[in-house]
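Some notes on the structure that comes next.
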Amino acid sequence: MDNFGVALRITLVFYLFTSGSSTCLTGCSCTDDNLGRSLLCMETSMGRIPDNIPHDFSKIRIENCHLTELPRGSFSKVSALEFLWLNFNEITLMNVKSLDGLANLTELRLQGNKLTSVTWTAFQDTPKLKILDLKHNRLDVLPEHALRHLPALTYLDLSFNQLSVISKDVFINWPLYQTAEKTWGKEGVVSNVVLALHDNPWLCDCRLKGFVEFIRAVSPPIILMNSYLMCSGPASKADKFFHEIQLKTCMKPVASAPETNITLPLGANAMLTCLVKARPGPTIKWMYSLKIIRGFAATETNTDEETITSELVIPSLHLADQGLYTCTANNFIGNSSVAITVNISPFNSSALLPPPVPMVSSDENSNIDIRIAKQTVYGITLEWHAETDNLAETWFTIHFGKYDLPKKEMIYIGPGINTYSLNDLLPVTKYEVCVTLKNHKPKEGQCIVFVTGSDISELEQRERLIHIIVIVCAMVLAVPVGMFACTTEARFSCFDRCVNLWKKRRLHGGNLQGTERQGTFDSLQAASDEGLCRDSEEKPKKRRKSEDRCKGGSAAQLY
């Protein structure tokens, strides 16, 4: 009888063991120890949390299994779960009820995932959570009340994330921090709380002032895993430790201007200056009536840690440019602005205006080398060089407009200037731009005709340039790198040779410089078509005939 009882017990134990093993997930392993039943899934491409996880596990470890999210009620059926490890997956999304039903959870590890934010209210369902490991994620924000629902937490690891600014109120509002000194010890709870905040790109400006002071003052029961927290910016504080820096209180911007009323002659260049004091650094914008039509360039320089100088340059003043220009600065505290009035002196002050008639004869043999020096998503920048005896006193006139308009807009450029930007160009439009001496009419070789490409979306504008096609040659036109010109005498076979030559140059590294300087145009000098493609049998007479028909006849394609 005793032998029968022993055999019955062995059979029962064997049955329980085999039946328990049969409920384990495919590709995973299950074990039993003094902590309860455990599920281990390693490097299994499950992609999502299985729906059929048995409810009797106390520990689940799913790592390197390509999980992408924690949906609502991911483990709600495993109510006995105490330890949950989901390290080294690809989790980017955490549902607000992803921890629903896990009232007994004490340890959650999400190391090495792709979380950019955490639904902190999800921890309302885990009041017993003591260990939270979030290191090596992409968290860039820690809300002020992030720790409100973690009263039992004794280990929080936020190291190796993207946190740059954080308020000390995150920890001041932590219930555990508020009651620590009063209750710990009396209730027999572990008396140390470990925080890991190192290896984040901390931006040590005024916004971090309270947090830096908190870190300096932190003492048991709170312990920093690495107390040497380091600044990543701004430049003046980069690579310095928190205990080495002093931060000032944040300050609302204060904008001012050395001159608020400026009077200049027509055609002169104006520079408007705006000084802004603020902490942290503000965003500065200029507003004026012609901004959509004529967008001027503004530059910013840091005078010191809290002062920025913004300068708006208005080249070659038009009558329409006079008016009010407002410099506005803002940061997260507030904003401030200053207005500058620009006046154009009356026409009778002609001493500084370009002369109404040419100072030299109309047939003066002056060469002007004109090229497109730069192109952006908004337009192009012209650059020219003239061969004159008195360049320091030479005025220029830019003739610009749509190609089919007989009368072009004339822009006067004062001495010493050889660049001008044409902005807000329309898509799929043919334009002509010429540069002449003073009030002269354009001559052959002083004009460029170009066509803008199709309109593109705002997103594409951030990544692509306006597609410019130069379609007329100039006598001394500098063709940008990546563009090849063939004149009217060049047939289609010539154009093919241009493309082949371009490909050969690419293979031999000829365009490496242009590749590295994307967004700007270097120059490939081409006084005619000879340097690019030439028929060995062509005659000088034929070439002269081609130059006479040059306008509208050559094509330089941007590849």
Side-chain angles (χ1 to χ4, degrees), residues 116-117 139-144 162-170 200-214 229-240 242 244-262 269-292 294-315 321 323-342 376-378 421 423-424 458 461-462:
T116 56
S117 63
L139 303 178
D140 56 3
V141 174
L142 201 61
E144 185 175 322
Q162 296 299 315
L163 298 171
S164 58
V165 177
I166 186 175
S167 170
K168 68 175 181 180
D169 293 336
V170 172
N200 280 282
W202 298 113
L203 184 60
C204 296
D205 61 19
C206 66
R207 290 169 292 182
L208 212 63
K209 183 176 186 294
F211 177 65
V212 169
E213 292 173 349
F214 170 80
L229 301 189
M230 182 179 290
C231 303
S232 291
S236 60
K237 294 181 173 62
D239 300 328
K240 291 185 177 180
F242 278 21
E244 297 176 329
I245 61 172
Q246 293 293 331
L247 299 178
K248 298 180 180 179
T249 306
C250 291
M251 179 179 70
K252 174 184 174 181
V254 177
S256 61
E259 294 183 78
T260 57
N261 197 304
I262 298 174
N269 297 318
M271 179 179 290
L272 312 185
T273 303
C274 174
L275 302 176
V276 179
K277 293 179 68 70
R279 290 191 299 267
T283 299
I284 302 176
K285 295 182 179 180
W286 286 89
M287 301 300 297
Y288 45 93
S289 59
L290 291 181
K291 187 169 186 179
I292 297 178
R294 298 190 72 195
F296 304 125
T299 59
E300 294 181 7
T301 55
N302 289 79
T303 306
D304 53 46
E305 287 189 20
E306 57 189 45
T307 305
I308 296 178
T309 301
S310 178
E311 295 178 328
L312 182 72
V313 178
I314 309 175
D321 292 333
L324 200 64
Y325 293 74
T326 304
C327 170
T328 301
N330 66 80
N331 60 16
F332 75 97
I333 300 178
N335 60 73
S336 175
S337 62
V338 60
I340 301 174
T341 303
V342 175
T376 69
V377 294
Y378 305 106
S421 295
N423 296 312
D424 300 302
E458 181 180 352
Q461 282 183 352
R462 298 173 187 161

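Start at 1 with the first residue, then count along the sequence.
Remark: D321 pairs with L290, R294, F296, I314, L317, H318, Y325 by the side chain to side chain contact (heavy atoms under 4.5 Å, CB included) rule, at least two apart or across chains. Taking the side chain to side chain donor-acceptor pair (under 3.5 Å) definition, one finds that K168 meets it with nothing, sequence neighbours left out. Here S164 pairs with nothing under the side chain to side chain donor-acceptor pair (under 3.5 Å) rule; sequence neighbours left out. Applying the side chain to side chain contact (heavy atoms under 4.5 Å, CB included) criterion to A238, with sequence neighbours excluded, gives no partner residue. Among residues two or more places apart in sequence or in another chain, the side chain to side chain donor-acceptor pair (under 3.5 Å) test is passed with Q162 by none. In terms of the salt bridge (charged side-chain N to carboxylate O under 4.0 Å, His left out) criterion, E311 has no residue partners (sequence neighbours excluded). In this structure, E244 has no salt bridge (charged side-chain N to carboxylate O under 4.0 Å, His left out) partners at least two apart in sequence or on a different chain. Take E300 and apply the side chain to side chain contact (heavy atoms under 4.5 Å, CB included) test, not counting sequence neighbours, and it matches I284, I308, S310. For T309, the side chain to side chain donor-acceptor pair (under 3.5 Å) partners at least two apart in sequence or on another chain are T303. K285 is linked by a salt bridge (charged side-chain N to carboxylate O under 4.0 Å, His left out) to nothing, counting only residues two or more places apart in sequence or in another chain. Partners of N330 under the side chain to side chain contact (heavy atoms under 4.5 Å, CB included) rule, at least two apart in sequence or in another chain, are T283, N335.
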Open item on the list: Evaluate I340 against C327 for side-chain contact (heavy atoms from CB on, under 4.5 Å), listing each step before the verdict.
Closed with: CA-CA 8 Å; I340 301 174; C327 170; 5.8 Å; no
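Separation of atoms CG (L324) and OG1 (T341) is listed at 5.0 Å; rounding is to 0.5 Å. For the atom pair CG of L312 and CE of M287, the computed distance is 12.0 Å after rounding to the nearest 0.5 Å. With rounding to the nearest 0.5 Å, the separation of CD1 in I262 from CG in L272 is 5.0 Å. E306 contributes atom CD, which lies 5.5 Å from atom CG of D304 (distance to the nearest 0.5 angstrom). In this structure, CG on N302 lies 9.5 Å from OG on S236, to the nearest 0.5 angstrom. The structure places CG of N200 at 8.5 Å from CG of L229, a figure rounded to the nearest 0.5 Å.
When atom types are taken as modelled, the side chain of D169 and the backbone of E144 share no donor-acceptor pair closer than 3.5 angstrom.
W202 and F242 have perpendicular rings, their planes meeting at more than 60° on a 0 to 90° scale where under 30° would count as parallel.
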Donor-acceptor contacts, no H, no angles, side chain residues 245-259, under 3.5 Å, sequence neighbours left out:
none

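Summarising the geometry of V276 relative to P282, their closest heavy-atom pair is CG1-CG, 3.7 Å, with the distance given to 0.1 Å.
No side-chain heavy atom of V170 sits under 4.5 Å from any side-chain heavy atom of P143.
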